[in-house]
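Following: one structure in structure tokens, then a few remarks.
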There are 2 protein chains.
Amino acid sequence: MTKTIPAYQRIKNAILDNIHSGKWQAGKAISTEMALAKEFGVSRMTVNRALKELSEERVLERRQGSGTFVAQQQFNHTFVEVRNIAQDLKSANRDYQAQVVSKRAITANMLDDELRRKFGIETAEALSAHSKNDDVANSAGATVLYEVKIIHFADGQPIQFEERWVDAKKVPEFIEQDFSVVNTSDYLIAKSPLERGSYTIRALAAPEEIATFLKIAPQSPTLVLRRQTYSAGQVVTFVKMWHAGDRYQFSGEL
Amino acid sequence: MTKTIPAYQRIKNAILDNIHSGKWQAGKAISTEMALAKEFGVSRMTVNRALKELSEERVLERRQGSGTFVAQQQFNHTFVEVRNIAQDLKSANRDYQAQVVSKRAITANMLDDELRRKFGIETAEALSAHSKNDDVANSAGATVLYEVKIIHFADGQPIQFEERWVDAKKVPEFIEQDFSVVNTSDYLIAKSPLERGSYTIRALAAPEEIATFLKIAPQSPTLVLRRQTYSAGQVVTFVKMWHAGDRYQFSGEL
DNA sequence: TAGTGGTCTAGACCACGTT
DNA sequence: ACGTGGTCTAGACCACTAA
């Protein structure tokens with residue numbers, strides 16, 4: 001029993017064939033919706049769906065009032081997928097474990113500059129410079145961030161060292177969780193609608209502390225993913241994930 | 001003059017509001033197409049479009065015969081964008097230059113195992129084991145791959161060392177190009193419809209040769225992107241791009 | 001079997017670009 | 001003004017799931 005192929009899919013395939021065979025060149029206009037509807041014996045809506053999907057797939061480019069064109073192939077950007085490490089390892093059928101190395105609350109006056117800027121937290125000094133109310137002393141001593149450091153193991157071997165900071169106001173119960181059981185990302189996703197994030201991937205020499213946790217030689221290459229995630233325009237969490245260079249890689253397809 | 005918002009977009013927004021406000025919980029079923037059509041006073045096709053797009057955006061999950069459900073938020077995959085280095089540096093308004101270090105044709109009997117497997121090329125020995133025609137000697141001595149090694153500079157500083165291999169049969173004029181002027185990726189994109197690719201990113205200690213070209217200390221961390229690109233199911237090109245760890249990073253948003 | 005989503009039709013009117 | 005794509009309708013039949 002052969003499956004029935006939807007009409008819009010047949011049309012998509014026919015168009016792709018025309019492009020791959022070179023009959024329709026990049027940048028050139030293709031037949032109009034009306035013409036294709038007549039040619040394939042379907043309604044214009046069906047052709048419209050095929051063309052809309054192909055333009056979402058960046059195969060075609062549509063310009064209202066003008067026509068439909070074969071897109072210039074743009075292979076400039078390559079998207080590499082970075083998965084959640086716990087799920088990644090589990091789905092690879094490897095034995096996954098997490099060990100919490102440290103967990104603490106940080107007050108405003110303990111913050112270093114990088115974190116202060118990232119989370120947009122003012123220092124006690126900065127506050128006192130333009131305000132003189134009683135909150136100054138309080139806010140300097142109040143918990144503003146939670147910090148956790150976790151080692152992730154696959155088959156007993158350390159794979160990732162995670163350093164994470166979370167805005168204490170936005171996720172107050174964060175510090176109470178047992179992160180040897182609950183993944184930090186999974187918890188934050190459940191608690192807070194993560195809207196947007198930015199990421200960098202770098203290769204860095206392992207500092208002493210990280211090398212020890214990953215059981216590698218100091219200064220050996222590590223793959224470092226830094227990510228900050230926003231909710232309602234403010235940073236909710238910032239994380240640095242250190243991977244032993246010879247034990248982990250990011251990979252993907254496009 | 002306010003722009004008219006399409007009906008399907010109004011419906012999408014209303015659904016997103018219901019999800020963000022917590023009225024519709026993750027995993028739970030939402031109203032049916034018929035119900036929503038009645039509620040918003042539109043046809044079922046319009047509701048269908050809104051729901052289809054939201055399911056493509058992974059906000060909803062649709063199961064034929066069963067219903068439409070709020071998707072479990074999956075922030076597991078993070079897509080990191082890797083751009084074409086020449087365009088990347090130029091758009092960052094930095095002075096870009098490329099220096100071709102070497103360029104050569106490789107015959108079958110010169111190939112190492114990794115490349116042979118990647119491009120699916122049989123060795124002379126493997127060929128003679130199951131065929132005895134005259135092509136054996138020819139194919140062993142014939143050009144099968146082109147190899148180029150290029151250093152990419154930004155503001156006079158080496159940023160990327162590119163090692164690339166290209167199937168000589170698929171892109172015969174490749175070796176004749178001047179890659180200090182034409183970017184290898186741009187040329188291949190223009191010549192061959194690149195269909196699919198797979199990628200890995202790793203952190204590796206720089207071997208002697210690469211360290212020299214990048215003007216860094218041997219064994220220092222490098223960010224290595226390996227990519228192979230297919231056309232018509234066969235590997236067209238394989239490339240290793242080495243970046244000095246402290247001079248380059250991949251970054252992106254989601 | 002009843003209800004859901006998946007697809008499709010044969011029209012229609014509108015927004016936009018080109019002429 | 002004309003032709004393009006963008007959106008929308010009020011039906012229809014089919015494929016699938018659950019009771």
Side-chain angles (χ1 to χ4, degrees), chain A residues 1-19 23-72 74, chain B residues 1-19 23-72 74:
Chain A
M1 203 57 164
T2 53
K3 212 184 293 182
T4 304
I5 297 167
Y8 72 87
Q9 188 59 58
R10 285 193 301 103
I11 295 167
K12 285 176 70 173
N13 291 340
I15 290 167
L16 286 169
D17 285 347
N18 278 332
I19 292 171
K23 189 173 159 192
W24 289 350
Q25 297 287 334
K28 297 292 178 58
I30 72 168
S31 311
T32 66
E33 292 190 348
M34 282 299 291
L36 289 168
K38 203 166 281 180
E39 178 182 342
F40 288 96
V42 299
S43 75
R44 202 193 122 206
M45 273 297 275
T46 302
V47 172
N48 180 276
R49 172 166 181 177
L51 299 186
K52 188 156 75 70
E53 290 190 2
L54 284 174
S55 75
E56 280 160 4
E57 295 163 17
R58 294 158 182 267
V59 172
L60 299 177
E61 198 175 302
R62 318 200 70 193
R63 292 199 281 275
Q64 192 175 37
S66 178
T68 301
F69 306 82
V70 179
Q72 310 284 350
Q74 297 275 358
Chain B
M1 203 59 163
T2 53
K3 212 186 293 181
T4 304
I5 297 166
Y8 72 87
Q9 188 58 59
R10 285 194 301 104
I11 296 168
K12 285 176 71 173
N13 292 339
I15 290 167
L16 286 170
D17 285 347
N18 278 333
I19 292 171
K23 188 173 162 192
W24 287 351
Q25 297 287 333
K28 297 293 178 60
I30 72 168
S31 312
T32 66
E33 291 190 348
M34 283 298 292
L36 288 168
K38 202 165 284 180
E39 179 182 341
F40 288 96
V42 298
S43 76
R44 203 193 121 206
M45 272 297 274
T46 302
V47 171
N48 180 276
R49 171 164 182 180
L51 298 185
K52 187 155 76 67
E53 291 190 0
L54 284 173
S55 75
E56 280 159 4
E57 294 163 17
R58 293 157 185 266
V59 173
L60 299 176
E61 197 173 305
R62 317 201 69 191
R63 291 199 283 274
Q64 191 175 38
S66 178
T68 301
F69 305 83
V70 179
Q72 309 285 348
Q74 299 269 0

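Naming convention: chains lettered A, B, ... in sequence-line order (proteins, then strands); numbering from 1 in each chain.
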- Can you check whether A/T32 has a side-chain N or O nearer than 4.0 Å to OP1 or OP2 of D/dG3? no

- Interatomic distance, OG1@B/T68 vs CG@B/L54, rounded to 0.5 Å, equals 10.0 Å

- Mind checking the OG-CZ spacing from A/S31 to A/F40? Nearest 0.5 Å is all I need. 8.0 Å

- When rounded to the nearest 0.5 angstrom, what is the spacing between NZ in A/K12 and CZ in A/R49? 8.0 Å

- Task: Quickly work out the A/E61 CD to C/dC16 P distance and round it to whole Å.
- Result: 18 Å

- When the distance from CZ of A/R62 to C1' of C/dA15 is rounded to whole Å, what number comes out? 14 Å

- Query: From A/R10 CZ over to A/I15 CD1, what is the distance, rounded to the nearest 0.5 angstrom?
  - Reply: 11.5 Å

- Message: Tell me the interatomic distance from B/L51, atom CG, to C/dG5, atom P, rounded to whole angstroms.
- Response: 7 Å

- Task: Using a 4.0 Å cut-off on protein heavy atoms (strictly under), produce a 5'-to-3' string for nucleotides 7-14 of chain D with B for base contact, S for backbone-only sugar-phosphate contact, and - for none.
- Result: BBBBBB--

- Item | Donor-acceptor pair, side chain of B/S66 and main chain of B/R63, under 3.5 angstrom | no

- Is it true that the side chains of B/S55 and B/R62 contain a donor and an acceptor less than 3.5 Å apart? no

